[in-house]
Protein chains: 2
Amino acid sequence: MALDRNSRYVAQVAEALEGRRSTRRTATLASLAAELGVSRTTVSNAYNRPDQLSPALRRRVLDTARRLGYPGPDPVARSLRTRKAGAVGLLLTEALSYAFRDPVAIQFLEGLALACEDNGSGLLLVPVSPEAEDVGAVARAGVDGFVVYSMPDDDEHFAAVLERPVPVVVCDQPTDVPDVDRVGIDDQAAMVELAEHLAGLGHRRIGVLCMRLSLDRNDGFASVGRQDSARYEVQRRRLAGLRDGFTAAGVDWSTVPVVERFDHTEAAGAHAFEQLTEKHPEVTAVVCTSDILALGALRAARAAGRDVPGELTVTGFDGVPAAERAGLTTVRQPSLDKGRAAGELLLDRGDRQRSRTLLLPTELMVRATSGPPAS
Amino acid sequence: MALDRNSRYVAQVAEALEGRRSTRRTATLASLAAELGVSRTTVSNAYNRPDQLSPALRRRVLDTARRLGYPGPDPVARSLRTRKAGAVGLLLTEALSYAFRDPVAIQFLEGLALACEDNGSGLLLVPVSPEAEDVGAVARAGVDGFVVYSMPDDDEHFAAVLERPVPVVVCDQPTDVPDVDRVGIDDQAAMVELAEHLAGLGHRRIGVLCMRLSLDRNDGFASVGRQDSARYEVQRRRLAGLRDGFTAAGVDWSTVPVVERFDHTEAAGAHAFEQLTEKHPEVTAVVCTSDILALGALRAARAAGRDVPGELTVTGFDGVPAAERAGLTTVRQPSLDKGRAAGELLLDRGDRQRSRTLLLPTELMVRATSGPPAS
DNA sequence: CGGGCGACCGCAACCGTTTGCGCCCCCGAG
DNA sequence: CTCGGGGGCGCAAACGGTTGCGGTCGCCCG
């Protein structure tokens, strides 16, 4: 049995190789039809509409195809005719490979992949160089629609996506793009909730670590002006939430130090933490707009001998697995569900409604890195 | 003459527009040419060969395109004509979404993505349902080549890939497929090295936890016969390496218990550990064929009150970040480099050599979970 | 024996571009 | 005035398939 299987496999492979080896152009639907003495329609039907021709003929077609090394209808030609590519494109903020470095992006991707595989459609990761003006890659992508993940405002690539006559759904940002669906969370409200938690614990002197606010690198303190004009809406909204929450608790936001980091890594978080606390040793709570930054800050705090949460509170945002392991107080957002919802929104285009926005719930996870300020 | 031709296009387009006003037929190269009173060639050149027409006309073409909402040449039609899709397909062992759950796969993907973005080509994740016989997805993928990641022997999807007249490079398994490049590591030698390390420490009574050996679920002990006939070559080779290494140290391999798990999760590793130690409490070292399993085993061991490495040695394979954090003794393999190398092998097809195999180095990482057996 | 009915298969019109050449015309040199 | 040359643009043949319909033919039923 196993032997049988193997020999069949070997034969199959050899045959495939032979087909490829030949320098002559690979067989086409037409040449196959000619060889068989039937019409192209019939050959096409043999592959796509088996009920349209007799089983005997169908078998003959398929056998001859195998003999001639015809690999079946060319996917590109088929796509051209049917106007379906069988794939959704994904546009990412960063370089393509970044998607696999950020745990939140990975979760999102997993969800999106789930939706795709349910639908039987592929997932095309569109190659974008962050600095390259080359928008060609998105114009060249053969896809039935785009999912856009967390793009800054006024992005060229995103503009190129909107140019394409295919449906688009964005995740997180930008918001308020006419005629495209969107899935996200209420970043601002989530941050208000977190702020209330911290204010309730008694924190009044806080510091903030946030991700990149605009496309220019600014590894340092971010003025209120810079905060308000951030090109990354998500960061803008999270900061706004903090502002609202702490302002309500009597804190003058303009006195709150906000340290920005261009790179989104734990190392960046650690370094930002040092920068913050060196200049503002009085802060009792360090609020980070992402778990990655918070984990870095946490590490740096403990490396500096600070007791967390006894002496200092550290919080994050996102709810990645590592944050849970570290006992980090954070806001959990359903990243995987966002990905799946984005995919479904794009693919389940049964009821072509007016543009919808889907806001998923978040959850404040109070864990072991937040406590009342040291008295 | 030209007018005649043009008017035909005009009529054609008008007709199309009238037929589908509701869905607003998008402009085409031809309709744009008709509107401008130039040939399709010229419009095409405006996009692809700017030096082939006067700057003034080019500008006029582009402006008119914008006015008409022409999104530029259709990617699919272009692909058909140029015979280039601008994307590489990726075929995975598991369901598409699994790729984002396994740290090793993620690393591989990151490397592959790096190679792709360097080359400006997209990365198409081909949707495969593990159980579905539907091979159609790979036949339908519009790509210039395939990267195949760690497929079992005799896989239908892989066979379908070989059918396609495009270059293929496989990662890890299967090996020895004629005419396809391959990148991987020497799994067997790496395991021999690990075995020698453990044997050198004095371990003679060992137990093994391994990943899925075949497509049928077998969560339990795996006979030597099952080990030898495993459909997953990587697992087969790793076990063979252990066998070689420990046999050389005087161990009778047929007495070594090997526990198999279908699912590749920490929970599975933990459970497998319990199953192993319940039946074989005498083992002094638990060797796992992956870090994930090892991390689960480690957790289970400590939960059971076993001192690692004082009382028990646990080792993994792969060298994922979590393993480093946990201080796990393991074999590090360059997963990211494998991905990048696979991509480069596929894309840098300058010298169409005979099929190459690229074996990357591994490194034994002796850390804090291995030590001499308790006396 | 006529009519109707499936089962099977082919016609022909697209799908939207790219590209190797060839043509035309204007311009400067001889 | 002739002639070579080159810039600028168009011709027409692919590229490889899909599909709404319509045609043919054997067979069954009344």
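No experiment lies behind these values; they were computed from the predicted model shown. Residue numbering restarts at 1 for every chain, and letters A, B, ... go by the order of the sequence lines.
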message = The side chain of A:L80 is closest to which nucleotide in this list: D:dG17, D:dG8, C:dC15?
response =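 Within the option list, the nearest is C:dC15.
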
message = Checking contacts here: which listed nucleotide (C:dC8, C:dT17, C:dC15) is nearest the side-chain heavy atoms of A:R81?
response =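 Closest of the options to the side chain of A:R81: C:dC15.
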
query = Under 4.0 Å between a side-chain N or O of A:R83 and OP1 or OP2 of C:dG16?
reply =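 Yes.
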
query = Does B:T82 put a side-chain nitrogen or oxygen below 4.0 Å from OP1 or OP2 of C:dT17?
reply =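 For C:dT17, neither OP1 nor OP2 has a side-chain N or O of B:T82 closer than 4.0 Å.
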
message = B:F146: which residues meet the ring-ring contact (aromatic ring centres under 6.0 Å, His included) condition with it, sequence neighbours left out?
response =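 Checked B:F146 against ring-ring contact (aromatic ring centres under 6.0 Å, His included); zero matches.
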
task = Under the ring-ring contact (aromatic ring centres under 6.0 Å, His included) rule, collect the residues that match up with B:Y149, sequence neighbours excluded.
result =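 So B:Y149 forms a ring-ring contact (aromatic ring centres under 6.0 Å, His included) with B:F108.
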
inquiry  = When the axes are fitted on five pairs at both termini, how much does the helix from C:dC1-D:dG30 to C:dG30-D:dC1 curve, in 10° steps?
reply    =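 Axis angle across the helix from C:dC1-D:dG30 to C:dG30-D:dC1, nearest 10°: 40°.
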
Provide, to the nearest angstrom, the distance between the [atom1] atom belonging to [X] and the [atom2] atom belonging to [N].
X	N	atom1	atom2	value
A:D74	C:dC15	CG	C1'	13 Å
B:L53	C:dT19	CG	C1'	15 Å
B:L57	D:dG7	CG	C1'	13 Å
A:K84	C:dG16	NZ	C1'	17 Å
A:R164	C:dG16	CZ	C1'	13 Å
B:R78	C:dC15	CZ	C1'	16 Å
B:L32	C:dT18	CG	P	12 Å
A:Q52	D:dG20	CD	P	10 Å

task = Please work out if A:V38 contacts a base, only the sugar-phosphate, or nothing of the nucleic acid, heavy-atom cut-off 4.0 Å.
result =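 Sugar-phosphate: the residue A:V38, judged by heavy atoms under 4.0 Å, touches backbone atoms but no base.
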
inquiry  = Just to be sure I understand the geometry, which residues of residues 40-51 of chain A put a non-hydrogen atom under 4.0 Å away from DNA chain C?
reply    =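 The answer is A:R40, A:T41, A:T42.
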
request  = Starting from the 5' end of DNA chain C, give me the residue, B:Y70 or A:R58, whose nearest nucleotide shows up first.
outcome  =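 First, find each residue's nearest nucleotide; the 5'-ward one identifies A:R58.
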
Holding to salt bridge (Lys or Arg N to Asp or Glu O under 4.0 Å), I want the full list of residues that pass it with [X], two or more places apart in sequence or in another chain.
X	answer
B:R66	A:E163
A:R140	A:D134
A:R59	A:D63

message = Taking the side chain as everything from C-beta on, heavy atoms only, tell me whether A:E344 gets closer than 4.5 Å to A:L347.
response =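 Answer no - side chains too far apart.
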
Any residue meeting side chain to side chain contact (heavy atoms under 4.5 Å, CB included) with A:D118, in chain and number order, not counting sequence neighbours =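 By the side chain to side chain contact (heavy atoms under 4.5 Å, CB included) rule, A:D118 matches no residue at all.
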
Distance-only donor-acceptor check, side chains B:T175 and B:E233, under 3.5 Å =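 Distance-only check passes for B:T175 and B:E233.
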
message = If the condition is side-chain hydrogen bond (donor to acceptor under 3.5 Å, both in side chains), which residues does A:R340 pass it with, not counting sequence neighbours?
response =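 Result, side-chain hydrogen bond (donor to acceptor under 3.5 Å, both in side chains) vs A:R340: A:D337.
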
